[in-house]
Structure formats: structure tokens, C-alpha cells
Protein chains: 2
Amino acid sequence: MSDRREFRDLAAPEEARAVVDSLDIDPGMATVALADARDRVLAERVDAELDVPGFDRASMDGYAVRARDTFGADEATPETLHLAGTVHAGEKPDVTVAPGTAAEISTGAVMPEGADAVVMVERTTETDGGVEIRTAVTPGENVMPAGADIAAGARALGPETRVTPREIGLLSALGVGEVTVRARPRVAIVSTGDELIRPGESLDSAAGEIYDVNSYTLAAAVEDAGGEPVLYPHAGDDFEALESLLHEAAEECDLVLSSGSTSAGAVDVVYRVIEERGDLRLHGVAVKPGKPMLVGTIGEAAYVGLPGYPVSALTIFRVFVAPALREAAGRPEPRTATVTGEMAVEERYTEGRLRYMPVGLVEDGDGSTLVYPVDKGSGATTSLVDADGTVAVEPETELLPAGRSVEVTLFSPEVRVPSLFGVGEDDPLWSRLLDRLDAPRYLPTGTADGRRRLRESVPDVAVVAGPEADDEPGEALGGWTREWGLAVAPESDVSALSDLVDGDYRFVNCDGGSGLCHSFDAELARLADERGVSSAEVTDAIDGYELTAGATESPARTVAAGEADAGLALRATAAKLGLDFVPLGTERVRVLANGDRTGKESVERLAGLLGDVDDLAAALDGFEV
Amino acid sequence: MSDRREFRDLAAPEEARAVVDSLDIDPGMATVALADARDRVLAERVDAELDVPGFDRASMDGYAVRARDTFGADEATPETLHLAGTVHAGEKPDVTVAPGTAAEISTGAVMPEGADAVVMVERTTETDGGVEIRTAVTPGENVMPAGADIAAGARALGPETRVTPREIGLLSALGVGEVTVRARPRVAIVSTGDELIRPGESLDSAAGEIYDVNSYTLAAAVEDAGGEPVLYPHAGDDFEALESLLHEAAEECDLVLSSGSTSAGAVDVVYRVIEERGDLRLHGVAVKPGKPMLVGTIGEAAYVGLPGYPVSALTIFRVFVAPALREAAGRPEPRTATVTGEMAVEERYTEGRLRYMPVGLVEDGDGSTLVYPVDKGSGATTSLVDADGTVAVEPETELLPAGRSVEVTLFSPEVRVPSLFGVGEDDPLWSRLLDRLDAPRYLPTGTADGRRRLRESVPDVAVVAGPEADDEPGEALGGWTREWGLAVAPESDVSALSDLVDGDYRFVNCDGGSGLCHSFDAELARLADERGVSSAEVTDAIDGYELTAGATESPARTVAAGEADAGLALRATAAKLGLDFVPLGTERVRVLANGDRTGKESVERLAGLLGDVDDLAAALDGFEV
């Protein structure tokens with residue numbers, strides 16, 4: 001398989017960056033209406049084509065006068081001028097200010113012939129047919145001469161200026177209706193694979209179909225970098241279709257990005273297309289995640305082949321492609337948003353490639369930043385949102401000990417450290433309680449993992465369910481009780497725990513690390529005890545005892561899908577899914593705070609919220625505070 | 001006039017902020033397609049509705065096996081299994097892995113019935129009808145179980161999550177085709193005034209018409225803050241039309257912004273509308289710029305009346321309105337982008353109101369930041385782009401001495417300190433040369449101002465033209481020569497300087513601070529000398545000698561517009577405007593560097609560029625290096 005053959009000589013990251021930078025993705029220029037110019041980048045210098053203001057303009061409400069008529073006037077000895085007329089803003093003056101006269105004038109109005117200054121209204125008094133001037137003004141006073149703001153012919157804005165509201169203001173003043181800007185590089189997004197289904201469409205999991213993650217993700221990332229994404233339909237694994245798609249994309253776009261070519265055949269097609277019509281400049285880069293990267297040209301377009309796994313694809317895009325795209329779009333590199341923190345746990349890594357290690361951040365009790373690795377494997381999409389940035393780990397670094405200071409490059413300057421970081425049981429009341437916190441992060445990896453990580457002192461809180469541990473870590477902040485048992489199909493004749501042991505029913509268990517599973521085991525132990533047999537005898541008799549599923553709702557969902565007779569479940573879940581419920585007991589869910597963090601603002605806030613969860617419990621069947 | 005009557009009790013800035021914050025501009029929720037969700041904010045929690053992956057998935061290319069069939073296998077003692085078939089990604093397995101058999105499998109494919117692990121292809125050798133397994137695997141190895149990434153029912157994303165490419169990735173994986181987000185607050189933008197013309201349309205300056213600066217500027221600022229601007233047609237000063245426009249805007253939008261009500265009548269209408277249908281909560285705030293601010297409600301909508309001058313309107317918007325809009329849109333406040341610098345010159349201010357003083361920034365030779373006030377008056381639009389941010393000057397601060405450390409709030413986190421700051425002559429070659437620098441700032445305020453400010457050591461460079469000063473500041477970096485004289489209409493019979501003095505021609509001069517004007521004065525002095533008269537006698541004889549216009553091209557443009565017979569001009573300008581030219585001399589344009597900045601990178605780069613301006617000179621009539 002060719003994709004395996006080619007990775008012998010991986011390019012160094014700097015080399016890959018240089019090769020991507022060498023691609024020509026310059027999109028040229030475009031003309032846009034002023035109303036659409038925000039955030040665009042001027043392609044050319046803009047010179048003023050007219051004077052601003054376009055006329056000598058009164059800058060105060062008052063009286064337009066000949067300055068020399070006011071010389072000597074003051075509060076004690078006012079000068080009275082004859083009123084010659086009025087000039088409003090937006091009208092051509094039909095009055096001439098002759099010596100000894102004045103014209104009432106509004107801010108912004110055209111100075112009438114003869115007048116060379118304005119006396120502000122506050123220093124005047126209107127009299128019968130005239131006006132008393134109580135101050136002297138100099139020629140030009142309270143008048144903005146034509147062109148004083150900017151004169152016709154003067155340089156207004158330089159090329160490469162980013163258009164913000166302020167530039168739009170100046171362009172408006174100059175009457176510019178449209179501007180010449182850098183075009184957005186058009187970026188083709190080609191995802192291949194028969195298994196890919198667009199989000200929003202229906203999916204056949206049993207046939208291995210999966211939702212296409214890369215297309216919309218890369219499209220959004222392309223927009224962030226100033227490009228204009230163009231999504232192409234999936235080529236599937238019809239290689240002729242893929243070939244013509246790549247040609248079409250290369251003709252229509254400045255850059256073609258492909259991803260998700262999991263089959264060797266697809267890579268072969270890409271190779272053939274590049275060999276026929278372009279130039280392959282790089283295959284494979286020594287980074288993790290993201291090794292399989294292709295860089296080259298197809299016709300006039302640049303081409304980058306990204307790995308198929310979303311985290312890998314986005315990492316390669318961010319590190320190698322986005323800078324080139326921003327350069328082509330005339331966008332400045334964002335201020336590098338970095339945070340320095342300490343490794344919360346040790347991390348070993350021996351693959352000898354530069355690693356962009358995804359990490360999460362949490363503030364400890366002192367307000368300093370702890371950094372923990374987030375790695376559910378490249379195939380996981382949740383690691384996209386469970387991390388805040390990456391730490392670049394050099395190829396020769398095999399161990400990052402806990403406490404080692406590291407620099408984290410945030411995914412974007414807008415990334416904020418989550419206010420609260422929790423790990424533990426998947427629980428519906430807790431999930432709703434989290435909605436009341438500002439930007440929390442919670443990993444529902446189960447009670448056992450919550451305890452383990454709280455002992456390592458990484459999260460702020462752990463949420464544990466089921467039997468209490470002998471050496472329960474942390475400090476209890478609060479909790480609630482939930483009823484658990486078996487979710488069974490409405491027509492089922494499973495009505496007790498013993499039915500699972502004695503009958504011929506297909507059962508689905510919860511994950512072994514969950515509190516629910518522990519409560520279930522305790523109940524099974526009680527049953528074994530009653531019967532005078534070992535626990536193993538009881539569990540061996542349950543068809544599916546070892547069949548575990550991820551989250552709290554998973555076993556019940558398996559029952560609802562008709563794939564099992566009974567599943568370990570909460571009463572609330574059975575009710576939600578319209579299943580019958582065989583109650584087996586209640587268990588306590590407890591929120592445990594990291595002892596170092598009880599003074600942390602978000603933990604204090606959580607403690608307060610925990611005192612008032614009656615409404616949440618009332619909305620969930622079988623929950624009590 | 002009512003707008004003058006009302007400003008007696010100006011609200012404190014904090015009070016104004018509180019009043020604006022008390023307005024209800026919550027736009028509710030909206031549903032958008034995933035492809036349009038970037039940068040939106042989730043209005044609701046998103047729970048996973050399906051397992052990801054949706055099936056037990058092979059995470060390696062290799063062979064799906066029963067793990068126990070591999071126990072004991074290693075490189076020395078491989079285990080051979082019978083090949084039962086193949087499973088590709090995206091297809092339903094049609095093979096069952098019975099004891100002693102294996103199925104070839106691709107990354108991403110559905111694990112076939114019976115198999116519980118995958119042996120990676122690198123540790124296998126295909127044989128005739130079978131496969132040699134050279135390593136042992138444990139159950140679950142190289143398999144991602146259904147729901148392991150995220151399980152159905154689990155919390156995926158919380159409310160108020162900002163949607164970035166990473167969230168789009170997770171939502172894609174979950175098959176979410178559309179998401180419920182915070183709607184964008186609809187913001188009506190109403191500009192009033194008969195004098196306002198939309199940019200791109202034609203303008204009658206003589207009738208006092210001006211381009212509408214606030215509409216597009218505020219629209220862009222509203223978009224920056226997460227709102228959706230809705231531009232309404234100008235109501236002019238037809239008060240019934242304005243009244244019905246305000247009612248319409250209030251019914252269609254969450255917030256109505258008006259600006260540009262320069263006439264007292266317009267303010268009266270706004271008052272009446274608010275009194276009839278709403279609630280006036282504030283009139284006038286003690287800040288500069290921006291005193292005349294109205295806050296209230298019209299029907300169900302919030303209303304804020306902004307001052308008419310663009311700098312004032314944008315300042316009030318930025319300080320008071322944008323935070324409330326971002327809050328309503330669910331946008332986080334941007335990281336406050338501040339820079340600390342030293343006042344480059346002293347600034348006096350005695351109006352006793354909190355002042356948001358617009359300032360420009362420049363790096364001095366040591367790399368520290370100097371801060372200089374930018375104030376061309378509230379009516380100027382160039383100050384929008386000539387400043388980088390504002391310094392909040394407390395009401396009681398009457399003097400900021402040079403050297404005082406101040407904190408500058410940048411207009412946005414993306415603002416960069418200009419690489420080079422120059423002041424001086426308006427010159428076409430220099431303008432083109434600036435295009436070759438990265439993000440320079442240049443104020444074409446004339447040779448005299450350039451010299452003055454270079455002596456104060458604020459800019460990096462000054463550009464001076466005309467006769468050399470006795471005490472020329474700075475160090476000469478380079479320069480060029482330009483031919484100057486009189487621009488005259490093609491049919492004109494002005495052919496010499498003496499015609500202006502002796503004939504009956506209308507002349508337009510350049511601004512007194514320009515080098516061009518100084519060269520002209522020197523030439524006039526020579527003529528006076530020749531004739532044995534005083535310079536004043538000569539200048540008095542020129543009709544329009546005192547009539548100056550802003551930029552280098554201005555006098556020639558006045559001639560081109562048919563409003564004068566002759567204008568002081570460069571040969572290049574006359575050629576550009578299609579005018580005839582009466583040559584009077586040449587003058588040197590010199591670029592002078594601040595003595596402290598010659599080592600500054602941009603100044604060094606400029607010095608380099610100045611060595612090679614032949615192409616620029618060749619493109620301009622009458623220019624020579």
C-alpha cells in the first residue's frame with residue numbers, strides 16, 4: 001500500500017513549513033462594496049478624490065460674521081450686527097455677509113459668502129432684526145476650511161491596511177462606494193471516503209458510516225485564516241470521480257485541501273493526479289499528530305493533503321497551512337497567544353517526532369496555571385474541545401515531569417482557561433448544574449477516573465457516584481440521590497434482578513469505572529450472599545454482564561434500540577427514553593472539591609449553587625436532594 | 001434650542017454605563033446551519049444524540065482477530081490464522097471471525113462479529129490463504145469501542161460556548177446539522193440630516209452636502225460587537241418621516257442607534273417619539289468627545305442617540321454601547337489590549353470632563369513607546385485612522401507633562417504600533433514610497449509642521465521641501481527634486497509669474513506651511529528684487545495669494561474645477577489633472593530622520609529604499625533623483 005511505502009523519509013517540520021510557504025496561493029484582487037469591506041485588506045493605496053470637508057464649514061451653531069466686525073467686542077461692550085439671514089446644514093447659502101451683518105448658521109453648514117468666522121451662539125443675544133456679539137473672533141475661528149480634514153490628492157490609506165470601522169469612516173467621508181481589496185484565497189475542501197455522511201443527514205452506523213468531521217471543521221478554520229472555503233461533494237472511493245473532482249477543484253480554487261483518504265487507493269489517485277498535472281514537493285512530516293501530509297501542486301493550484309483524523313488534520317492545517325493562507329489573504333498573524341504553566345502530571349513520549357501535544361489548562365488554588373495532556377487518541381473528536389492549546393514537545397524530550405514549566409500555544413487568542421475543571425460520573429443533574437456555571441469543563445470519564453485524577457490534584461472537582469470509597473479524596477461540596485435499576489422494553493417480563501441471573505435475557509452493563517456499575521456490583525454481591533454462592537457465579541450467569549457501554553444512558557439506549565432486553569440505568573433515563581424501569585436501589589452522587597481549590601472563585605460559586613438544586617432534582621425522575 | 005437646554009446636568013460616565021447596561025437588547029435565539037455556526041454562541045446545551053464512534057472501530061490497518069488466538073505469538077513463534085475475508089471502511093462486514101481465523105481490516109472499518117482486537121499490518125505476513133501473526137494483542141487492542149469518543153446522552157457542549165472550528169468538529173461528529181445559537185441583536189442605524197449622502201453617490205458640496213460617515217462606520221462597529229446592523233434610509237429633516245422611521249426601526253430591531261441629528265428640530269422629534277412611546281433615561285454624559293448622548297426606550301426597543309461627529313459617535317459607541325451589545329450577543333469582552341507609553345509632548349486639558357484622548361503611538365530608538373495626542377477636532381474623520389487608541393484622562397487632570405507614563409487602550413487587540421511615523425510635506429513620490437513600507441503612518445501636515453515635530457523628537461522622520469532651514473533638524477536620509485510652477489487651464493494665457501502680478505487672474509496658493517509655498521515666496525522675493533519693490537507689493541498684487549488650499553494638489557484641482565486661473569503646483573500634478581504648466585523652478589524634497597531613530601529597523605529600511613527611487617521618479621513628470 002503506497003501510503004505506507006512513502007513515509008520512510010519524513011520531512012523535518014521546518015522543511016515542511018518552507019515547502020508550504022513556497023506554494024503560490026495569491027488570490028489577486030477583488031472589488032467590494034464599502035458595506036462589505038469590514039475586515040478586508042486594501043490591495044491598493046487610496047488617495048482622497050475630494051476635499052473633506054468639501055466646503056468651508058461652520059463648526060459651531062452661532063453666527064457667521066466677518067471677523068474684523070467683531071474686533072473689540074466683549075461682554076461689556078458688545079457689537080451689534082444686522083441679521084442678514086440664516087444658513088442651515090445641507091443647504092446652499094442664499095445670503096451674503098456684508099460688512100456689519102451676520103447670518104445665523106448651524107453646525108455643519110456652508111459658510112456664506114463674505115463671512116470668515118463663526119461666533120458661537122452662547123456668546124450672542126438675538127435682538128430685533130440683529131444680533132449682539134459679545135466676543136471677538138479671529139478669521140477662521142470656528143470654521144473648518146475645505147480640505148482641512150483631508151485634501152483631494154492626499155494619501156488617505158496605504159495598501160495592506162486592514163479595514164476596521166475607523167477606516168470605513170474615512171472611506172465614507174471620501175465618498176468611496178467600493179474598494180479594491182485582496183481577494184480571499186479560494187480553498188477547495190475535498191473529503192474522500194465512501195463512509196462519510198454530511199452532518200444533518202441520516203447515518204447507518206452498522207455499515208460503518210460516519211459523519212464527515214473534516215469538511216466543516218476545515219471550512220471554518222479556512223474562514224478564520226481569511227480564506228473562502230469551497231466544499232466539494234464526497235468523491236467516495238470511486239477513483240475516477242475523485243480524479244475529476246481534484247481537477248475541477250484545482251481549476252476553481254487557489255488551494256486544494258484533501259483529507260480523509262483512508263484507503264490506499266485514494267492516495268494512489270492523488271499521486272497520479274499530482275504526477276500528471278502537478279508537482280509533488282513533500283510527503284510526510286515528522287510531527288505528531290499528522291505524519292501523513294502531502295504538499296504539491298495540481299495545475300495552477302496549490303495542493304495540501306491532510307491526514308484523515310480530525311485532530312491531526314486540524315493540527316497540520318493550523319501549524320503549516322494557516323500561516324500561508326493568512327499571508328496570502330493579507331491577514332496579520334494573530335498575536336501569539338501563549339500561556340506558561342506547570343505540567344500537572346508527568347508525560348512520557350518516545351516516538352522521536354516533534355509533538356504538538358494537546359493540553360488542557362486549569363488554575364490551581366494560587367491562581368497559577370496547571371497544564372495536563374489531553375489525549376484520547378487521534379481518532380477522538382472530543383479532544384478537539386477538551387484541549388485549550390498545544391505544547392510543542394521536541395523529538396528528544398522523552399519525559400516531561402510533573403511540575404516542569406511549559407509554554408502552551410493557545411488555539412486562538414480568544415481561548416480562556418475554563419473557570420472550573422471537573423472529572424467524574426456522567427449524571428443528568430450535574431450536566432444541568434454545569435449549565436449554570438460560566439465556561440466550565442467537565443470530562444465524564446466515570447467515578448473511578450474522577451477519584452484518580454482528584455488524587456493527582458489536577459481537576460477542581462470530581463463527581464463520584466455509588467458506594468463511598470474508604471479513602472475518598474477531596475472535600476464534599478454537596479450532592480444528591482438518584483434511583484437506579486434496570487431499563488427494560490415496555491413489553492419485557494424482566495421484573496427483578498434475579499430474572500437476569502435465572503432467565504435468558506440479554507443485558508447491557510455500564511462502564512466499569514462508573515458509580516452505577518459499582519452500585520450494581522454491590523447489589524449483585526448481596527444477591528450472591530442471599531443465595532450462598534460467589535459473586536462470580538452470579539455475574540457469569542448474566543448474559544452481557546461484561547458488555548459495557550460508555551455513558552450513563554448507553555445501556556438503556558441499547559435496550560431502546562432493541563439490541564438488549566435490559567440495561568443498567570437511572571429511572572430518569574428510562575423515563576426519558578420511554579422504557580419501563582425495574583428499581584434496584586438509590587445511590588448518592590457527591591461533588592468533591594480538590595482540597596487546594598476550595599477558595600477558588602468558581603468552586604465557591606459551585607458550592608453555592610449546590611445548595612439550591614431542588615428544581616433540577618424535581619425535573620428528573622428518581623432524583624432527590 | 002432644546003439640545004442646548006438639556007445639557008445642564010451631565011451624567012457621570014459610570015452612570016451612563018449603568019443606564020445603557022439596564023437596557024434590554026436580548027435578541028433571543030436563532031437556529032443556524034452548522035456551516036454558518038462559526039463564531040456564533042450556543043444558546044443551549046448540546047447533548048450527544050448518538051455514540052461516536054457509532055460502532056466498534058478498527059483504529060489500525062491490519063487484521064481483526066480474536067485476541068486469545070494471538071496469545072503467545074511473537075516474532076520467533078508466529079501464529080498462523082486462516083483468512084476469513086476483508087472489511088473496508090464504510091461497509092457492513094460480511095464476515096465472521098471464528099476461532100482460528102482473521103479478517104483483513106482497514107482503519108475506520110466496523111469490527112466484524114467475533115473479533116475483539118486488531119493486529120497492525122506491520123506485525124503480520126500474508127501467507128497462502130492465511131496470515132502469520134507475529135505479536136500478541138489483548139482484547140480491545142487497536143479498537144475504539146462504540147461511544148468511546150462520546151456516548152449518546154452525554155453532555156457535549158455547554159450553553160454560551162463560542163463555536164470555533166473545534167466545536168464545529170465535535171458537532172459534525174455528532175451529526176448535528178443545525179444548532180441553536182444566540183441571535184444577533186438587530187441594531188437599527190438611523191442617520192438624520194438633509195445634508196447626508198451615501199458614499200458612492202454624487203455630492204453637491206456647494207449645497208453643503210456631505211457623505212454619511214456614521215452609517216457604515218457604526219454598521220461595521222456593530223458587526224464587530226456581534227450585532228446585526230440594519231441601515232435605514234436617511235430621514236432628512238422631514239420630521240414626520242423621522243418619527244415614522246424611528247417607530248419602524250424600534251419595531252424591527254432590538255436597539256435603535258441614531259446619530260447626526262445636527263438640527264435642533266431632529267432632537268425634538270426624538271424627544272417626542274421617546275416621550276410618546278418610551279422612556280428617556282439619560283441625556284448627556286460628561287465625557288469628551290461625545291457629550292450629547294441620549295439613552296432610553298422606544299416601544300420594546302432600546303434607544304441610544306449618538307453625537308453626530310464620527311469620532312464622537314464611535315467613541316460613545318465603543319465605550320458605552322459595544323459592551324452591552326457584546327453581552328447581549330454572548331460575545332466575551334475582548335482581552336483588553338493596552339500599551340503603556342510615555343507622553344511624547346505635554347497635553348493640557350481643562351474642560352473638566354473625562355476625556356478619551358485619541359493618541360498615536362511610535363517606538364523610539366530604545367524600543368519604548370511614545371504616545372502623542374491626535375486631535376484635529378471632533379469634526380475630522382482622519383483622526384479616526386491617525387490614532388491607535390485612547391488614553392482616559394480624568395476630569396481633574398489638567399496637564400499631562402511630556403514623559404508622563406500613560407496607559408493606552410488600543411482600539412482593538414489587532415492594532416499594531418505603526419512601523420514608521422512621519423510628518424511633513426505632501427509629495428507624490430513620497431506617497432508611493434510609503435507603499436513599499438509595512439504599515440507606516442504619515443501625516444501630510446506640511447514642511448513647517450514636519451520640522452517642528454521633528455524638533456520635538458516625536459516622529460521617526462520628517463519630509464521637508466523647498467528652501468533648506470538654517471537649523472535643519474535630524475539627519476538627511478535622502479531625497480529627490482521636483483519641478484514646480486503654475487498649473488493653468490489649457491486655454492489660459494498665463495505664461496509667466498509676472499502675469500499673476502500684472503494681469504487680472506485669479507490665483508490659488510498652497511498652504512503656508514508647505515515647502516512649495518516657501519519656494520514660491522522665494523521666487524516672488526526674487527521678482528520683487530528685480531523690480532526694486534517690496535515683496536508685499538508683489539504679493540498684494542496677486543489676486544488670491546492669501547487663498548490657500550490644503551494639499552499639494554489642491555490649487556491645481558481648483559484650477560481644474562474652473563474656479564481659478566492659476567494654482568501653485570508641481571509639474572506632475574498639472575500633468576495628472578490635464579492642465580498646462582508654467583515652470584517656475586525646482587525644489588529639493590528631503591527625508592530627515594530623527595537623530596535617535598537612525599538605528600530603528602524601519603528607518604534603516606527606509607534609508608535603503610531611498611537609495612533606489614529612480615523608478616518612482618521616472619513615473620512622475622518633473623521628478624528627478
**Report entry** Toward chain B, the part of A/V385 with a non-hydrogen atom under 4.5 Å
**Finding:** both
Query raised in the report: Side chain, backbone, both or neither: which part of A/D224 has a non-hydrogen atom closer than 4.5 Å to chain B?
Result: both
Query - Expected output: side-chain B/R416 to main-chain A/P332 donor-acceptor under 3.5 Å - result: no
Requested in this report: Please flag which part of B/E223 lies under 4.5 Å from any non-hydrogen atom of chain A: side chain, backbone, both or neither.
Outcome: both
Query - Side-chain heavy-atom pair B/D438, A/E160 within 4.5 angstrom cut-off - result: no
Requested in this report: Heavy-atom pairs under 4.5 Å with chain A are the metric here; pick the option from B/G208, B/G200, B/P428 that has the most.
Outcome: B/G208
Report summary line: Here the pair of heavy atoms bringing A/T381 nearest to B/D149 is N-OD2, 2.5 Å
Query raised in the report: Of the backbone (N, CA, C, O) and the side chain (C-beta and beyond), which part of A/L170 lies under 4.5 Å from a heavy atom of chain B, both, or neither?
Result: both
Query raised in the report: Between A/L314 and B/R166, is any pair of side-chain heavy atoms under 4.5 Å apart?
Result: yes
Query raised in the report: Do B/P53 and A/I210 have side-chain heavy atoms sitting under 4.5 Å apart?
Result: no
Requested in this report: Determine the minimum heavy-atom distance between A/T107 and B/Y309, stating which atoms define it.
Outcome: CG2-OH, 3.4 Å
**Report entry** A/V179 versus chain B, the contacting section by heavy-atom distance below 4.5 Å
**Finding:** neither
Query - Residues forming a side-chain contact (heavy atoms from CB on, under 4.5 Å) with A/E201, sequence neighbours excluded - result: A/I197, A/R198
Report task. Applying salt bridge (charged side-chain N to carboxylate O under 4.0 Å, His left out), name anything that partners A/R155, two or more places apart in sequence or on another chain. Result -> B/D435
Report task. Dump the intermediate steps for side-chain contact (heavy atoms from CB on, under 4.5 Å) on B/Y216 and A/L171, then the final yes or no. Result -> CA-CA 10 Å; B/Y216 290 134; A/L171 291 165; over 6 Å; no
Query raised in the report: Quick one: are A/E49 and B/R557 in side-chain contact, heavy atoms under 4.5 Å?
Result: yes
Query raised in the report: Which residue out of B/A152, B/G177, B/A221, B/A313 racks up the most heavy-atom pairs below 4.5 Å with chain A?
Result: B/A152
